[in-house]
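Only heavy atoms go into these numbers, but all of them, side chains included; no hydrogens, no water, no symmetry mates.
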Amino acid sequence: MKIAIVDYGMGNIRSIVSTLKYIGVEDVVLSSDFDTLNCADKIILPGVGSFGKAITQIREKNIDKYLNEIVVDNKKPLLGICLGMQLLGMSSTEDGNNDGLGYVDGRVEKFDNSLVKVPHVGFNQVKINNSLKMFEGFTEEPADFYFTHSYRMTSNADINQCYCNYQDDFVASFEFGNIAGAQFHPELSQTNGLRLLKNFIDKF
């Protein structure tokens with residue numbers, strides 16, 4: 001099993017690599033090269049930082065075109081984590097109005113800091129759906145995961161989303177065909193995060 005982590009210059013790469021190796025994935029590569037991404041069995045799109053800078057980097061490196069072919073056309077499994085999940089949506093208001101990759105019908109806006117403390121940091125409960133591949137085998141509902149973000153995704157479409165509540169309900173994860181997203185950091189979420197990553201490796 002080869003897992004490729006998309007390298008566009010932003011992301012918590014080291015912790016993801018360490019966690020993947022901990023759950024038994026020996027072949028982990030970091031790349032922005034089409035051939036390397038295309039040869040992987042599954043792809044992870046990480047992200048820490050701002051949406052506008054990230055999507056600019058992705059387009060400048062032609063990674064959006066690579067992912068369109070590999071993930072959208074050829075259906076290779078992809079998991080977006082934190083900002084990586086947000087980039088899979090239609091748009092974000094971070095750094096102005098920016099279009100995302102457009103793989104799912106979700107839009108990203110900032111939490112209202114007059115209502116809650118921003119950023120949203122720490123463990124919070126996710127209302128999971130055990131019928132989804134990512135949450136297969138989870139026995140506790142809701143399940144705790146670790147978050148750190150100031151912007152959140154909402155969606156009126158059916159993208160098999162699971163919700164977390166902070167200010168109001170926002171998309172904590174989704175599973176849309178071969179494309180999955182997690183607003184939380186599974187690599188920092190202890191047992192639940194390990195289980196979710198193992199499910200992505202084994203079941204997608």
Using distance only, find each side-chain donor-acceptor pair of residues 95-102 under 3.5 Å and give its atom names and separation, not counting sequence neighbours.
unit_1 : atom_1 : unit_2 : atom_2 : d
Asp95  : OD2    : Ser50  : OG     : 2.9
Asp95  : OD2    : Gly52  : N      : 3.0
Asn98  : ND2    : Glu94  : O      : 2.9
Asn98  : ND2    : Asp95  : O      : 3.2

Determine yes or no for a side-chain-to-main-chain donor-acceptor pair under 3.5 angstrom, with Asp35 supplying the side chain and Leu37 the backbone.
no
With a 4.5 Å heavy-atom cut-off, do Asn178 and Leu78 have their side chains touching?
no
Take atom CZ in Phe123; do more than 12 heavy atoms of anything else shown fall under 6.0 Å from it?
yes
Could you report the tightest heavy-atom contact between Arg152 and Gln167, atom names first, then the distance?
NH2-NE2, 4.0 Å
Can you tell me if Asn156 has over 12 outside heavy atoms packed within less than 6.0 Å of its CG?
no
Checking the side chain of Gln161 only, and the main-chain atoms of Ala157 only, is there a donor and an acceptor separated by less than 3.5 Å?
yes
Give the minimum heavy-atom separation between Ser15 and Glu187, together with the two atoms involved.
OG-CG, 3.5 Å
Whether over 12 other heavy atoms sit under 6.0 Å from Lys53 NZ:
no
Between Lys203 and Lys133, what is the shortest heavy-atom contact and its length?
O-CD, 3.3 Å
For Asn68, check side chain to side chain donor-acceptor pair (under 3.5 Å) against everything at least two apart and list the hits.
Tyr103
Only pairs under 3.5 Å count here: list side-chain donor-acceptor contacts from residues 139-149, not counting sequence neighbours, and write none if there are none.
unit_1 : atom_1 : unit_2 : atom_2 : d
Glu141 : OE2    : Ile128 : N      : 3.1
His149 : ND1    : Tyr151 : O      : 2.8
His149 : NE2    : His120 : ND1    : 2.9

Going only through I, L, V, M, F, W and Y residues with side-chain contacts under 4.5 Å, is there a path from Leu79 to Met10?
no
Considering non-hydrogen atoms only, spot the tightest contact between Lys2 and Asp41 and give its length.
N-OD2, 2.6 Å
By side chain to side chain contact (heavy atoms under 4.5 Å, CB included), which residues pair with Ile13, not counting sequence neighbours?
Ile5, Val17, Leu30, Pro46
Applying the 4.5 Å side-chain criterion to the ILVMFWY set and letting contacts propagate, would Phe174 and Ile81 be lumped into a single cluster?
no
Rounded to the nearest 0.5 Å, how far apart are CG of Leu83 and CG of Leu87?
4.5 Å
Please check if the side chain of Lys42 supplies one atom and the backbone of Phe204 the other of a donor-acceptor pair under 3.5 Å.
yes
Criterion side chain to side chain donor-acceptor pair (under 3.5 Å) on Ser31 and Asp33, from CA distance to verdict:
CA-CA 5 Å; Ser31 180; Asp33 174 71; 4.8 Å; no
Nearest-0.5 Å distance, CE of residue Met85 to NE2 of residue His185:
11.0 Å
Polar side-chain atom of Asn130 near backbone of Phe138 as donor-acceptor pair, under 3.5 Å
yes
I need the full list of ring-ring contact (aromatic ring centres under 6.0 Å, His included) pairs touching residues 41-85, with sequence neighbours left out, sorted by first then second residue.
Phe34-Tyr66
Could you walk me through whether Leu132 and Asn199 pass the side-chain contact (heavy atoms from CB on, under 4.5 Å) test, one step at a time?
CA-CA 10 Å; Leu132 299 178; Asn199 281 345; over 6 Å; no
Any donor-acceptor pair under 3.5 Å from Gln183 side chain to Val171 backbone:
no
Which heavy atom of Phe111 sits nearest a heavy atom of Val116, and at what distance?
CB-CG2, 4.2 Å
Any salt bridge linking Asp169 with Lys127? Criterion: basic side-chain nitrogen under 4.0 Å from a carboxylate oxygen.
yes
Going from CD1 on Ile58 to CD on Glu60, what distance comes out if it is rounded to the nearest 0.5 angstrom?
11.0 Å
Excluding sequence neighbours, so at least two apart, what forms side chain to side chain donor-acceptor pair (under 3.5 Å) with Lys76?
none
Backbone N/O of Tyr8 and side chain of Ser32: donor-acceptor pair under 3.5 Å
no
Shortest non-hydrogen contact from Val25 to Met1?
CG1-O, 4.1 Å
